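Computed from a predicted model, the values in this text were never measured in an experiment.
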Amino acid sequence: MKKTIRKVAVSIIGGIIVLIGMVLIVLPGPSIIVIPFGLAILATEYDVARKWLRFFQRKLKDTAHYLDRKFGW
């Protein structure tokens, strides 16, 4: 019973945070921070969210390396 309640709570909270992050893509806001935060919450219960979180982290890392090479930051 506790596992079910935890999974439902993680699903609702993580899902809402990811949705807010998706809205912030269009509206001014820190979507690049909010979406991974929501995925990290969802990743505690779902393998698919863990996979997307790793994908997002790789893309951010690749972008940081590109900007470092391009602009010498």
Of the non-hydrogen atoms in [X] and [Y], which two are nearest, and what is the gap between them?
| X | Y | answer |
| --- | --- | --- |
| Phe56 | Ile35 | CE1-CG2, 4.3 Å |
| Val10 | Glu45 | CG1-CG, 3.7 Å |
| Pro36 | Ser31 | CD-O, 4.0 Å |
| Pro30 | Leu24 | CD-CD1, 4.1 Å |
| Ala49 | Ala43 | CB-N, 3.7 Å |

field: Joint hydrophobic cluster, Ile5 plus Ile12, side-chain heavy atoms closer than 4.5 Å
entry: no
query: Can Val26 be reached from Leu19 by stepping across I, L, V, M, F, W or Y side chains whose heavy atoms are under 4.5 Å apart?
result: no
- request: Please name the residue in the list Val34, Ile41, Ile33 that meets the side chain to side chain contact (heavy atoms under 4.5 Å, CB included) test with Phe37.
  value: Ile41
- request: Identify whether the distance between the nearest side-chain nitrogen and carboxylate oxygen of Asp62 and Lys59 falls below 4.0 Å.
  value: no
message: If you count every heavy atom of other residues, nucleotides or ligands that lies below 6.0 Å from Leu60 atom CG, does the total exceed 12?
response: yes
Lys3 vs Lys7, side-chain contact (heavy atoms from CB on, under 4.5 Å): CA-CA, chis, key distance, verdict: CA-CA 6 Å; Lys3 265 190 155 179; Lys7 192 165 192 165; over 6 Å; no
task: Enter the distance from Leu53:CG to Thr44:OG1 here, rounded to the nearest 0.5 Å.
output: 11.0 Å
message: Using the rule given for side-chain contact (heavy atoms from CB on, under 4.5 Å), can you reason through Lys2 versus Arg6, listing the C-alpha separation, both sets of side-chain angles and the distance that settles it, and then say yes or no?
response: CA-CA 6 Å; Lys2 282 185 178 182; Arg6 174 182 158 84; over 6 Å; no
